[in-house]
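No hydrogens, no waters, no symmetry mates; every other heavy atom, side chains included, goes into these values. Each chain gets a letter, A, B and so on, in the order the sequences are listed, and its residues count up from 1. Quick caveat, the model's predicted, so the values are computed rather than measured.
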Amino acid sequence: MRFSDVALDACTFPSILKACGLLKDLDYGTEMHGLAVKCGFVSNVFVVNSLVSMYSKCDDFHGARVLFDRMTEKEDVVSWNSMISAYSSNGKSLEALSLFREMQMEGVFMNSYTVVGVLQACQDPYFLRLGMEIHGALLKSGWEIEVYGTNALLVMYSRCGNIGDALRMFRGMNEKDNVSWNSMLSGFVQNELFAEAISFFCEVLDMGHHIDEVSVISIISALGRLGNLFNGMEVHACAIKHAFDSDLQVGNTIIDMYAKCGSVNYMAQVFDKMPEKDMISWTTVIAGNAQNGCYSEALELFRGALKEGMKVDAMMIGSALLACSSLRCASHVRQIHCYILRQGLLDLVLENTIVDSYGECTEIDYASRMFEKIENKDVVSWTSMISCYVHKGFANEALELFYRMGEAGIEPDMIAMVSVISACASLSALKKGKEIHAFLTRKGFSLEGSVVSSLVDMYAHCGCVNNSYRLFNLVQNKDLILWTSMINASGMHGDGKEAINFFHKMLDAGLKPDHITFLALLHACSHSGLIEEGRRYLGLMRSEYKLEPWPEHYVCLVDLLARAKCLTEAYNFVNNMTIEPTAAVWCALLGACRVHSDNELGEIVANKLLKLDPDNPGNYVLASNVFASKGRWKDVDDVRMRMRTRGLKKNPACSWIEVGNKVHAFMVRDKSHPQSEEIYSKLTKITERLEWEGYVAETKFVLHNVQEEEKKKMLYGHSERLAITFGLIETPAGQPIQITKNLRVCGDCHVFTKLVSKFFERKIIVRDSNRFHHFEGGVCSCGDFW
DNA sequence: GTAGGGTTAG
């Protein structure tokens, strides 16, 4: 109907504007506004109140406020009320409260609507005091607070975390309606008191109270978050019985519950049968699939949503991106990225998620380009990029970015700190690590949780296991992760007995070990050659703790058996594993074959390994190692050929040492260091001295078929020797030299380092890709097995 | 003109 065709009076407007508000139809509402102006009704207080209300329901606060401010006579409390509740029901508490104050100054008396609106603005611990003052004033004034008001008080207390006060409110209410019961129920759920929520829900049922869609939504959300599938299905059945299941929001919550309980099938069934679906239904089912490892299904559904012409928002895209990054599929990420740009949907959350997704797909360049483009980088943006660098092994870049973040004036939080600490750990950058430890103390971070575990880990990786221990002792409430870090720290440094000690102390403290704890323990056993203990703990893990070993646990045991020269037993063990051996398991066995020069078995294992994981250059190096050590150059060439045809390159060896405030890195035969000349001349002198003492280069560790002299030259240019030499030049006598290497130490360098530690009277600590070696007086803590 | 509910993230 065209209103302009009919004679209108002012009474028509409030109801039509109310409809606009309910439908959130701002366009039509604005048209009506224009019409009201044309008809000269805007001086009518009822019409203006309705207009204010319409604008606020359509989330146009500015429009509402402009109208409100233009009102010449604001004696009508209704005008104030609609503006206040417009603000408070949309989370604009400050605006609502300042308007309330203004209203009091104008001398307008409030009514029960005002009370509800203002209490709604106090649903935040920050405004609780004010809410309580209002509560007190109400009690003192002897006003009879009706059920709307008491409900609003109840919700205020529960949203502020004062569930006890909320419950007292609830129990003291003379009159309760469905909203009261539901508010109490959702109060428990929002405060994560799930057990209380369940027994409260039972109380509702026992008392014979009506439940409605809202009650079901709250309790199902609680059961989902508990992962309580059994009761979840019960309530689902109950919802069907009451015919609530056709409700859109009930359906959405049920989908989420099944997703959180890991029941992907039920989730899909409910989703398929929904009579209508909205954006949230699609987002929930996409996220549900992604969280349960069904990444392709998640992406398929995302495509489905687009095909159906469903509106897409940042949250839905965020879930789809999560699926892409789990699939490590950069081209999917790029597709979605382009889609976002085309649709103009890019916001900060999505920008951060995209950085993260590219990072997960090892597209560091894309991640970094995206990161640099973000205009208002927040702490999440910086941390995403930092941890992306850390995960992909670019620890230096991570640290650099951390300093840039400080310059940009962004305060790091716990998650950022954990990333940065682990960057120091992977660099063995003790000085930087200590600096960051001091920074944490200065900034008043409490040393607990993941921060302290990562510090313990960092000190261990930097060779300062004593600091790890000291820090560990300072922590009052030691959690499983902290104990595991400490077990790992002892193990890395070859102190298996100590690791076992920690393990038993942990059990005494009443903690239950998990897969990772056992991994640390078995690593410790393997680094210290504790064969019997290793066997025993693997058994204990299965029998006592019902933990099925991962391939990584088998790797440790293979390492152990191989160390004891029990190569055949290790081989049989691998063949009898309950799960399919992974490349890492064969890799461990092959390493053992090399150490014990068992070529027959080595050849079998090498073939299995190269078949299983043909894209890892390290495997080819290891295989050619086995052949080279027996001078089987034809086989070596063959392996190298296979590697080349696949376009693989050996990971270049690199060693580094922290001197002053800098990390100095050396590649094989590196001549790029400014002090290069000095380093090489010193290295020659060292080698001559050692040769004089009887050192003979073991050229079998050179994997190339070249002349003996050439082989020697190659060995002498190994990166760890350059780093050690630099350490001898730059650090005072008596001070331990600590270096880190990205690959395992070669056999000849191991001998070389032992001799340097003896004849140059220096403790040398080498961290290789696997463990720590402490060299002192010509002996290494690894017992020549690594 | 008033109160209670669902999805995402380093």
Side-chain angles (χ1 to χ4, degrees), chain A residues 14 17-18 21 46 49-50 52-54 56-57 76-86 88-89 111-120 123 146-156 158-159 177-187 189-190 212-221 224 247-257 259 278-288 290-291 313-322 348-357 359-360 378-388 390-391 412-416 418-419:
Chain A
L17 287 170
K18 183 177 177 178
F46 293 108
N49 283 345
S50 309
V52 169
S53 181
M54 180 276 296
S56 74
K57 286 236 161 58
D76 186 13
V77 67
V78 178
S79 325
W80 291 92
N81 286 346
S82 26
M83 201 59 229
I84 290 175
S85 72
S88 62
S89 61
N111 65 10
S112 64
Y113 289 84
T114 327
V115 173
V116 171
V118 173
L119 286 177
Q120 216 188 345
Q123 291 175 358
E146 333 152 332
V147 69
Y148 275 101
T150 45
N151 283 344
L153 280 167
L154 193 168
V155 173
M156 176 195 75
S158 96
R159 291 254 174 103
D177 62 5
N178 246 21
V179 175
S180 327
W181 287 91
N182 285 338
S183 305
M184 198 59 236
L185 180 64
S186 82
V189 179
Q190 281 163 355
D212 62 10
E213 284 87 345
V214 178
S215 341
V216 166
I217 286 169
S218 293
I219 194 67
I220 287 189
S221 139
D247 181 274
L248 181 62
Q249 300 186 132
V250 171
N252 289 347
T253 319
I254 292 175
I255 293 178
D256 183 51
M257 181 270 291
D278 69 353
M279 194 162 63
I280 292 178
S281 327
W282 286 94
T283 306
T284 314
V285 79
I286 291 169
Q291 282 155 1
D313 72 345
M315 272 187 209
M316 195 191 287
I317 297 179
S319 299
L321 277 173
L322 184 74
L348 184 58
V349 176
L350 276 182
E351 287 178 313
N352 292 342
T353 316
I354 294 170
V355 169
D356 197 48
S357 302
E360 283 294 320
D378 66 354
V379 63
V380 179
S381 325
W382 289 93
T383 316
S384 295
M385 198 59 226
I386 290 173
S387 57
C388 170
V390 175
H391 282 142
D413 63 7
M414 300 266 269
I415 303 172
V418 170
S419 281

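An OP1 or OP2 oxygen of dT7(B) is reached within less than 4.0 angstrom by no side-chain nitrogen or oxygen of Q249(A). Taking 4.0 angstrom as the limit, R159(A) places a side-chain polar atom (N or O) nearer than this to OP1 or OP2 of dG5(B). Residue Q120(A) places none of its side-chain N or O atoms closer than 4.0 Å to OP1 or OP2 of dT2(B). Side-chain nitrogen and oxygen atoms of Q291(A) include at least one within less than 4.0 Å of the OP1 or OP2 phosphate oxygen of dT8(B).
Using a 4.0 Å heavy-atom distance criterion, D378(A) is classed as making no nucleic acid contact. S387(A) comes within 4.0 angstrom of the backbone, heavy atoms only, and of no base. Among the heavy atoms of the strands, none lies under 4.0 Å from N49(A). Using a 4.0 Å heavy-atom criterion, one finds that D313(A) contacts no nucleic acid atom at all. In this structure, V52(A) reaches neither bases nor backbone, as no heavy-atom distance under 4.0 Å exists between it and the strands shown. Contacts of N252(A) with the nucleic acid, taken as non-hydrogen atoms under 4.0 Å apart, include base atoms. Residue S183(A) is in sugar-phosphate contact alone, with no base atom involved, counting any heavy-atom pair closer than 4.0 Å across all strands shown. In this structure, Q123(A) reaches the sugar-phosphate backbone alone: every heavy-atom distance under 4.0 Å involves primed, P, OP1 or OP2 atoms, never a base. Counting any heavy atom pair closer than 4.0 Å across all strands shown, V78(A) reaches a base atom. Across all strands, T253(A) comes closer than 4.0 Å only to sugar-phosphate atoms, never to a base (heavy-atom distances). Heavy atoms of Q190(A) sit under 4.0 angstrom from primed sugar atoms or phosphate atoms, though from no base atom. Among the protein residues, T284(A) comes within range of the sugar-phosphate backbone only, with heavy atoms under 4.0 Å from sugar or phosphate atoms but none that close to a base.
Looking only at distances, no side-chain donor or acceptor of N178(A) sits under 3.5 Å from a matching main-chain atom of W181(A).
At whole-Å resolution of the value, CE in M316(A) and C1' in dG6(B) are 14 Å apart. We find that CG of N111(A) is positioned 12 Å from P of dT2(B), with the value rounded to whole Å. Separating the CG atom of D356(A) from the P atom of dT8(B) is a distance of 16 Å, rounded to the nearest angstrom. Per the geometry, NE2 belonging to H391(A) stands 11 Å off P belonging to dG10(B), to the nearest Å. Atom-to-atom, CG of D212(A) to P of dG5(B) comes out at 12 Å; the value is rounded to the nearest Å. Counting to the nearest Å, the P atom of dG5(B) and the CD1 atom of I255(A) are 20 Å from each other. Rounding to whole angstrom units, CG of residue D256(A) and C1' of dG5(B) are separated by 12 Å. Rounded to whole Å, atom P of dT8(B) lies 19 Å from atom CD1 of I354(A).
Contact of the D177(A) side chain with the N151(A) side chain is registered, since non-hydrogen atoms from C-beta on lie closer than 4.5 Å. N49(A) is not listed as a side-chain neighbour of S53(A), based on a closest heavy-atom distance of 4.5 Å or more. Counting heavy atoms from C-beta on, the side chains of M316(A) and M279(A) come closer than 4.5 Å. Side-chain atoms of L321(A) and I317(A), non-hydrogen and from C-beta on, do get closer than 4.5 Å to each other.
Comparing dA3(B), dG10(B), dG5(B) by their nearest atom to the side chain of D177(A) picks out dA3(B). Across dT2(B), dT8(B), dG6(B), the shortest atom-to-atom separation from the side chain of S319(A) is found for dT8(B). Distances from the side chain of I280(A) to the nucleotides dT2(B), dG5(B), dT7(B) place dT7(B) closest. In this structure, of dG5(B), dG10(B), dT7(B), it is dT7(B) that holds the atom nearest to the side chain of M315(A). Taking every side-chain heavy atom of T383(A) into account, dG10(B) is the closest of dT7(B), dT2(B), dG10(B). For A287(A), counting side-chain heavy atoms from C-beta on, the closest listed nucleotide (dG5(B), dA3(B), dT8(B)) is dT8(B). When the nucleotides dT8(B), dG10(B), dG1(B) are ranked by their closest atom to the side chain of Y113(A), dG1(B) comes out on top. Among the nucleotides dG5(B), dT8(B), dG1(B), the one closest to any side-chain atom of N81(A) is dG1(B).
No hydrogens or angles were tested; on distance alone, nothing pairs the side chain of S384(A) with the base of dG10(B) as donor and acceptor under 3.5 Å. Put simply, the side chain of D278(A) and the base of dG6(B) share a donor and an acceptor less than 3.5 Å apart.
Contact detail for L154(A) and S180(A): the closest heavy-atom pair is CD1-O, 4.1 Å.
A side-chain donor from one of N111(A) and T114(A) sits under 3.5 Å from a side-chain acceptor of the other. The closest side-chain donor-acceptor pair between S381(A) and D378(A) falls under 3.5 angstrom.
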